[in-house]
Each structure stands twice: as structure tokens, then as C-alpha cells.
J.: 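One structure, pasted below without further comment.
Computed from heavy atoms alone, side chains included, the values below leave out hydrogens, waters and symmetry copies.
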Amino acid sequence: MNKKRHFAIFTTASLPWMTGTAVNPLFRAAYLAKDGERLVSLVIPWLSLKDQKLVYPNNITFSRPTEQEAYVRRWLDERIGFKSDFSILFYPAKFSLDKRSILAAGDISEVVPDENADVAILEEPEHLTWFHHGKRWKIKFRLVVGIIHTNYLEYVRRERNGRMQAFLLKYLNNWVVGIYCHKVIRLSAATQDYPKSIVCNVHGVNPKFLETGKKKLEQQRNGVQAFTKGAYYIGKMVWSKGYKELLKLLQDHQKELTGLEVDLYGNGEDSDQVQEAAKRLELAVRVHPGCDHADLQFHDYKVFLNPSTMDVLCTTTAEALAMGKIVVCANHPSNEFFKQFPNCRTYDNADGFVKVTQQALAEEPAQLTDAQRHELSWEAATERFLRVAELDQAFTRKPSKSNSKRFMSTSLGLWSSVEDASAYVHHVASGFETTRKIFGAIPKSLQPDEEQCKELGLAIPAGHACLATEVSKSICVNCSIFPAT
């Protein structure tokens, strides 16, 4: 038996969509596989052409999964400086317009063969399991680790009837994460709290940003002016990503910040409104299309302004610190990890924002030490992940597990735990189209459609759903609730 552990990383997005759950799990896969001690698979969503056109930028589309895999690997290889050695698997998914999110279609745990089902890493476990109907993650995999990326409650609170929605979502998230994950890692305390969860930043930065920081350090040591530009911000151009807070701060304190010039970079649904708001300011606030933060045009900026409190752990803040810049950000749980770096300047209120911004523009950034740069790296992030997931210890044997073809190995009368019963309730509820719609699932996503089955080479599912009405008599081979008898 192979002594290497199998890691399957499931995530909710993929390149070319430049979002956190597309980029960070990709780097995680590369660095977990880097030393050759583990077998790693990255499991990403496959969208049909009509959904790709809605999600992927610059009219990028793929006719086959192999084309998208080649794109993803090329993007990664250009950034990490070593040959990545992990597999990429695809699960069928659909794009939800109202949620602006990708949701799975069918039982995505089936993508990983039973013989390789060892460690599952669920990037956004609540998102991946809200509508999960199939094999129970804790039975199929020996260890399931959920990594909480997003503060869904905060997003929902901003919608109509937001407080009630957030209240219900909190309990739904606790429910599905509890029944499907053995361990839960929260990137920061800005996320929803989960029982027995651990707060730890298990993300690093693209090595390109650390290389830029080293070049800037060399310039500083040689007496060359390393930073010739002022302040900027980059992020998806929607109000909730910090633009509303930043523009309000600039508007309310234009006199104190006279002479300040700020460049904003991003694409998004609110781009036109952001541009209009920027034009009304007396300050020079310029709005530009979004582009890669590693682009050469960003290297010479000295100050990164990020007042957002919606992020759980802002990737662009980490990238700016890695490049040697000063970061001005809110004193908020999402920024707790960054406070250890001398170039992170936090503020508590609007007056504090003005003060630290003025100081940042007048000073030169502190020079990062090797230890501080390492703390921002993916090597350090991988070490932290293995430690908090308790996977850094030598693996001596594989614990036994139940036959994963069974959703439950015993009848209802023999269940001994509330969790098993709770998981069964979720399984049954998620098998009804009406219930799924009530909770926000995409219609007809209980199984992948015929088009996606053909694109992914999957067997076309039989047109049936489990409609058990008497739990004690329920036998459904295809849904794997009980074994056939």
C-alpha cells in the first residue's frame, strides 16, 4: 500500500476567474505537492459554455476541460518557479446569477475514486455543502478539513431582509459544516464562528510579489528611490469591496488630504458608479481597468489604501506588504495577521485614516527581514496548514473506514449519534427539488445535465430522484442512503 497520503482539494472557482477561491487553492495544491511527500489533486468546477461567458473575463472560454487545465497550469508555472506535480480534476457546476457564485451539480465527492479518498480539503465548506446530496464526506474521506474563506453573513446582511437572512444562514452554515467536516480552519476572526474551529492564516502570496519586494529592498539599500508613486487601491470594483468606504473617507476629508492623488484599479458591476463618484471629488482620484497586481505598473506605488472590512483576509493587502509597500487598513479582525509587519498601519476611525495616510506618504517603508518575508510565503502558509490540521506528523498507518458506497452503514434504529441523524435529514432534504429551490439551489442541479456529462465523460444519470416517504422503508441504491437488500 502506498504510504503517501492523498490530498483532494475541492474549491468553488477556477481561473481564469481571478477570485480568491480560484487562486489560493491552486497555490495550496502546488506547495502541498512540492516536496513529493503527498499525492495531491485539485478539484475545480467545470462550467458549460453559456456559464463560462458569464464568469470568465476577456471572452476566455474552453470547449474541453483539458484546455482549461492547460490554461491553469500555464498561469501557475509562470509564477511559482518550479514544476508543479499534482492532478487537476473537474466537477460539474453551474453559475448562479443571483448569488454571483458557482454551485456544484450532483455529488462532487464522486470525482475522487474511493481508493484515493483520504484527506479532503474543502475550500469554502459551507458553500460546497449547502446543497450536497450524495455520499457523506466524513464517511468517504478519513479526514475532512474545511477552510472558511468568506464572511457570507456580512454579505447577506446588506441585502433586503438581511438580518433575518443572516440569522438563518448562520444556523445553516453551522449545520452543514458540522456534519461534513472533522476540522475547521478560519482564515481570520472576521468569519462566522464555528464550534471547535481554529483561526489561522493558511494562505501565502504569489512568489512574484516577494521577488518584487526583494528588488525594492535592494534599491533602498543602494540609496535609490524605490517608490516614486503615491497611493492606490486594487480590487473587484463593487461597492462592498472597500470602494464605498474609501470614497466616503476621501470625500469627507478632502481639505485635510489636499494634494493627495489616488489611483483605483478594478473591474466589476459597480465600475460606472465608482467612476462617477470619483469625478465628484475635488481630489485627484483616477479610475483604471483592473489588471494583475503583479504588473510592473504597481511596483513603484508606496502606499496601498484598503479600508475594506468585508474581506476575511485580503490577498491584495498581503501582496502589497510582500512588495515592500506601506498598507493603510482598518483596525479589524480581518487584518490581525498583518499587524505583525512594520509596514501595516491601522486606524480606528476617519481621523485615524487621515493621520496614518499622511504619515505613510511622508515616510519610507520599513525594510522587511527574511523572517517577515517567509511569514508571507506559501511555504510558511503550508507549514501552518499542516500544523493546525495535525497533518505534520509522520503517517504510519491508514485508519479503517466504512464502505463509502453506503451513505449510512446501519439502519435508523441503530444510529447512536445526533450528528448521524442530522446528516440524514440534510441528505433527504437536499434530494427534493422543491426543498432545494426554497434554500436557493439552482433548479435541476441535483444531477449534472446531459451536456456536462458529455463534456466531462460522465455517465448520463438516470432520470430519478429519491422520494422516500417512510424512513424505515427507504431503499434507494442510486442515492446510496442504504445498501440494497
Side-chain angles (χ1 to χ4, degrees), residues 4-9 11 15 20-42 72-88 119 121 123 143 145 147-149 183 185-188 198-218 292-294 312-325 327 335-344 366-395:
K4 292 183 179 180
R5 302 211 70 169
H6 291 250
F7 285 63
I9 304 171
T11 190
L15 298 177
T21 52
V23 174
N24 290 308
L26 177 59
F27 280 114
R28 194 183 323 284
Y31 281 86
L32 279 171
K34 183 179 180 181
D35 58 13
E37 294 181 3
R38 304 165 201 88
L39 300 175
V40 180
S41 298
L42 177 65
V72 170
R73 290 193 184 279
R74 185 167 56 251
W75 185 93
L76 179 66
D77 290 345
E78 290 172 355
R79 288 159 176 80
I80 60 177
F82 61 88
K83 189 65 177 177
S84 56
D85 185 19
F86 62 92
S87 62
I88 295 180
V119 178
I121 302 171
E123 311 271 357
L143 177 66
V145 181
I147 300 178
I148 308 297
H149 288 245
K183 294 181 179 293
I185 300 172
R186 300 159 59 202
L187 294 176
S188 78
I198 298 171
V199 175
C200 181
N201 173 22
V202 292
H203 286 178
V205 300
N206 178 340
K208 292 290 185 183
F209 295 103
L210 293 168
E211 291 174 12
T212 299
K214 289 181 180 178
K215 292 177 182 177
K216 291 298 178 183
L217 176 60
E218 189 72 18
D292 194 324
H293 197 193
V312 168
L313 187 88
C314 186
T315 300
T316 50
T317 293
E319 292 167 350
L321 289 170
M323 288 191 282
K325 306 179 188 302
V327 170
N335 295 317
E336 194 65 33
F337 175 81
F338 303 124
K339 291 180 182 179
Q340 64 183 293
F341 301 98
N343 287 329
C344 177
Q367 299 179 4
L368 293 183
T369 65
D370 290 341
Q372 290 166 344
R373 274 194 298 274
H374 175 73
E375 197 67 10
L376 290 165
S377 71
W378 266 106
E379 284 87 356
T382 303
E383 293 166 5
R384 292 192 294 267
F385 169 76
L386 293 172
R387 184 180 70 252
V388 298
E390 298 181 339
L391 287 163
D392 57 341
Q393 303 169 12
F395 179 54

J.: Side chains of V23 and T315, heavy atoms from C-beta outward: is any pair under 4.5 Å?
T.: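 The answer is no, as the side chains (C-beta and beyond) never meet within the 4.5 Å cut-off.
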J.: Yes or no on side-chain contact (heavy atoms from CB on, under 4.5 Å) for I147 and I121, after CA distance, side-chain angles and deciding distance?
T.: CA-CA 7 Å; I147 300 178; I121 302 171; 3.7 Å; yes
J.: Check I185 against C200 and note the closest heavy-atom contact, atom names and distance.
T.: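 I185 and C200 have their closest heavy atoms at CG2-O, 3.6 Å.
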J.: Can you list everything that forms a side-chain contact (heavy atoms from CB on, under 4.5 Å) with D370? Sequence neighbours excluded, please.
T.: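 Applying side-chain contact (heavy atoms from CB on, under 4.5 Å) to D370 gives R373.
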J.: Between E379 and K34 (salt bridge meaning N to carboxylate O under 4.0 Å), is one present in this structure?
T.: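 Result for this pair is yes, salt bridge flagged.
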J.: Step by step, work out the side-chain contact (heavy atoms from CB on, under 4.5 Å) result for T11 and L26.
T.: CA-CA 9 Å; T11 190; L26 177 59; over 6 Å; no
J.: Does the structure place the NZ or CZ of R73 under 6.0 Å from the centre of the six-membered ring of W75, at an angle of no more than 45° from the ring's axis?
T.: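 Verdict for W75: no cation-pi partner in R73.
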J.: Carefully, step by step, assess T212 and F209 under the rule side-chain contact (heavy atoms from CB on, under 4.5 Å).
T.: CA-CA 5 Å; T212 299; F209 295 103; 5.5 Å; no
J.: State, yes or no, whether a side-chain contact exists between K325 and K216 at a heavy-atom distance under 4.5 Å.
T.: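 No, every pair of side-chain atoms sits at 4.5 Å or beyond.
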J.: For the OG1 atom of T317 and the CG atom of L376, what is their distance to the nearest 0.5 Å?
T.: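 If we round to the nearest 0.5 Å, T317:OG1 and L376:CG are 11.0 Å apart.
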J.: Measure the CZ-OG distance between F86 and S41 for me, rounded to the nearest 0.5 Å.
T.: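 Atom-to-atom, F86:CZ and S41:OG are 9.5 Å apart.
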J.: Of the non-hydrogen atoms in V388 and I198, which two are nearest, and what is the gap between them?
T.: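 In this case the closest contact between V388 and I198 is O-CD1, 3.7 Å.
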J.: Please check: side-chain N/O of S188 versus main-chain N/O of L313, any donor-acceptor pairing under 3.5 Å?
T.: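 Not at all, since once roles are kept as given, no pair shorter than 3.5 Å links the two residues.
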J.: Just verifying a value: how many Å separate L42 CG and I88 CD1, rounded to the nearest 0.5 Å?
T.: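 Taking CG in L42 and CD1 in I88, the distance rounds to 5.5 Å.
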J.: Which distance, rounded to the nearest 0.5 Å, do you find between the NE2 of H6 and the CG of L39?
T.: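 Spacing of NE2 (H6) from CG (L39) equals 4.5 Å.
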J.: Identify the heavy atoms of G20 and P25 that sit nearest to each other, and give their distance.
T.: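 Nearest heavy atoms, G20 then P25: O-CD, 3.5 Å.
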J.: Salt bridge or not for D292 and R79, using N-O below 4.0 Å?
T.: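 Salt bridge present between D292 and R79.
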J.: Could you list the residues that satisfy salt bridge (charged side-chain N to carboxylate O under 4.0 Å, His left out) with K214, not counting sequence neighbours?
T.: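 In terms of salt bridge (charged side-chain N to carboxylate O under 4.0 Å, His left out), with neighbours along the sequence ignored, K214 is linked to no residue.
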J.: Can you confirm whether more than 12 heavy atoms, excluding those of D77, are under 6.0 Å from its CG atom?
T.: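 Result for CG/D77: enclosed.
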J.: Using side-chain hydrogen bond (donor to acceptor under 3.5 Å, both in side chains) as the criterion, list what pairs up with N24, not counting sequence neighbours.
T.: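 Testing N24 for side-chain hydrogen bond (donor to acceptor under 3.5 Å, both in side chains), a comparison that skips the adjacent residues, returns H203.
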J.: For a quick test of reading the model, state the closest non-hydrogen atom pair linking A381 to G204 and the distance between them.
T.: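 Of all heavy-atom pairs spanning A381 and G204, the closest is CB-N, 3.5 Å.
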J.: Tell me every residue that passes salt bridge (charged side-chain N to carboxylate O under 4.0 Å, His left out) with E211, counting only those two or more places apart in sequence or in another chain.
T.: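 Applying salt bridge (charged side-chain N to carboxylate O under 4.0 Å, His left out) to E211 gives none.
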J.: Can any side-chain N or O of R38 pair as donor or acceptor with the backbone N or O of L32 at less than 3.5 Å?
T.: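 Such a contact is found between R38 side chain and L32 backbone.
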J.: Is it the case that more than 12 heavy atoms not belonging to K215 sit under 6.0 Å from its NZ atom?
T.: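 Open.
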J.: Please check if the side chain of N343 supplies one atom and the backbone of L321 the other of a donor-acceptor pair under 3.5 Å.
T.: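 No, N343 side chain to L321 backbone: no donor-acceptor pair under 3.5 Å.
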J.: What distance do F338 atom CZ and C314 atom SG have between them, rounded to the nearest 0.5 Å?
T.: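 One gets 6.5 Å once the value is rounded to the nearest 0.5 Å.
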J.: Among residues at least two apart in sequence or on other chains, which ones pass salt bridge (charged side-chain N to carboxylate O under 4.0 Å, His left out) with E123?
T.: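 Checked E123 against salt bridge (charged side-chain N to carboxylate O under 4.0 Å, His left out); matches are R28.
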J.: Side chains of D392 and R384: does their closest heavy-atom pair fall under 4.5 Å?
T.: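 D392 vs R384: side chains apart.
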J.: Evaluate the criterion ring-ring contact (aromatic ring centres under 6.0 Å, His included) for residue pair Y31 and F82; output intermediate values, then yes/no.
T.: CA-CA 10 Å; Y31 281 86; F82 61 88; 5.3 Å; yes
J.: Should E375 and Q372 count as side-chain neighbours, where that means a heavy-atom distance under 4.5 Å?
T.: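 No, too far: nothing below the 4.5 Å cut-off.
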J.: Could you pull out all residues at least two apart from E390 that satisfy salt bridge (charged side-chain N to carboxylate O under 4.0 Å, His left out)?
T.: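 Per chain and number, E390 pairs via salt bridge (charged side-chain N to carboxylate O under 4.0 Å, His left out) with K183.
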J.: Can you label the angle between the F27 ring and the W378 ring as parallel, tilted or perpendicular, going by 30° and 60°?
T.: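 Parallel: the ring planes of F27 and W378 meet at under 30°.
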J.: Just do the side-chain contact (heavy atoms from CB on, under 4.5 Å) check on R5 and E37 with the steps written out, would you?
T.: CA-CA 8 Å; R5 302 211 70 169; E37 294 181 3; over 6 Å; no
J.: To the nearest 0.5 Å, what is the distance between CG on L187 and CD1 on I148?
T.: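 Output value for this atom pair is 8.5 Å.
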